[in-house]
Amino acid sequence: MPTISLVYDHYLTPDQVPEVAEEALHRILVGEFGAKNLTVEKNIGGDIVFDFDFGGRFISGKIRVYDSHFDMILKVPLLVSLYTSKITEELDKQIPKYFGEGK
C-alpha cells in the first residue's frame, strides 16, 4: 500500500501531542473532510495510530512523536495515492492550526 509521509513541528510537550492529535484528527478528518469510522489509539511507546473510511476507501495512519516535531505516515490505497499532492496541501493548511508551523 502506498504511503504519504509528512513532518510537522510542534510546540507542546511530547505528552500533550497525543491529546491534541486526537482532537485535530477528529476535527480535520471527520469535520473538514467527512471521514467515517475514525478510531484513534495511543500506543505504549507514545505513538498514535488511527484509521478511517473515506469515500469507501480504508486509510490507516501513524503519528510518531518527537520532542519538537512529529511524523505522520498515512497508508492509502493506490487510487487515493493519485491525490497525494492535494492531500498534502490540505493537511499542510489544517495541521498548523493545532500544532504551529509545518516543516
Residue pair Tyr98, Ile28: steps toward the side chain to side chain contact (heavy atoms under 4.5 Å, CB included) verdict:
CA-CA 10 Å; Tyr98 298 91; Ile28 294 168; 3.8 Å; yes
Is there a side chain to side chain contact (heavy atoms under 4.5 Å, CB included) between Tyr83 and Ile4 once you walk through the steps?
CA-CA 10 Å; Tyr83 301 98; Ile4 299 172; over 6 Å; no
Could you walk me through whether Ile63 and Ile73 pass the side chain to side chain contact (heavy atoms under 4.5 Å, CB included) check?
CA-CA 6 Å; Ile63 296 175; Ile73 300 115; over 6 Å; no
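Under the 4.5 Å side-chain heavy-atom criterion for ILVMFWY residues, a single connected hydrophobic cluster contains both Val40 and Val30. The same ILVMFWY cluster, assembled from side-chain heavy atoms under 4.5 Å apart, contains both Leu79 and Phe54. Cluster membership check: Leu82 shares its hydrophobic cluster with Ile59, using side-chain heavy-atom separations under 4.5 Å among Ile, Leu, Val, Met, Phe, Trp and Tyr.
Considering only residues two or more places apart in sequence or on other chains, Lys93 meets the salt bridge (charged side-chain N to carboxylate O under 4.0 Å, His left out) condition with Glu89, Glu90. Legend: residues meeting side chain to side chain contact (heavy atoms under 4.5 Å, CB included) with Ser81, ordered by chain and number and at least two apart, are Pro2, Val76, Leu78, Thr84. With sequence neighbours left out, Phe58 forms a ring-ring contact (aromatic ring centres under 6.0 Å, His included) with no residue at all.
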Got a list of side-chain donor-acceptor pairs under 3.5 Å for residues 12-20, not counting sequence neighbours?
residue	atom	partner	partner atom	Å
Thr13	OG1	Gln16	N	3.3
Thr13	OG1	Gln16	OE1	3.3
Gln16	OE1	Thr13	N	2.9

Taking distance alone, no hydrogens or angles, what donor-acceptor pairs closer than 3.5 Å link side-chain atoms of residues 41-53 to residues at least two apart or in another chain?
residue	atom	partner	partner atom	Å
Asp47	OD2	Arg64	NE	3.4
Asp51	OD1	Thr39	OG1	2.8
Asp51	OD2	Thr39	OG1	3.4
Asp53	OD1	Gly56	N	3.2
Asp53	OD1	Arg57	N	3.2

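Interatomic distance, NE2 of His69 versus OH of Tyr8, reported as 13.0 Å (0.5 Å rounding).
By the 4.5 Å heavy-atom criterion applied to side chains, Leu91 and Leu74 are counted as neighbours. With a 4.5 Å cut-off on side-chain heavy atoms, Asp9 and Phe70 do not count as touching.
Here the options are Val7, Val65, Leu6, the test is side-chain contact (heavy atoms from CB on, under 4.5 Å), and the partner is Asp71; only Val7 passes.
Sorted by first and then second residue, the salt bridge (charged side-chain N to carboxylate O under 4.0 Å, His left out) pairs with a member in residues 22-32 read Glu23-Arg27; sequence neighbours excluded.
By the 30° and 60° cut-offs, the orientation of the rings of Phe99 relative to His10 is perpendicular.
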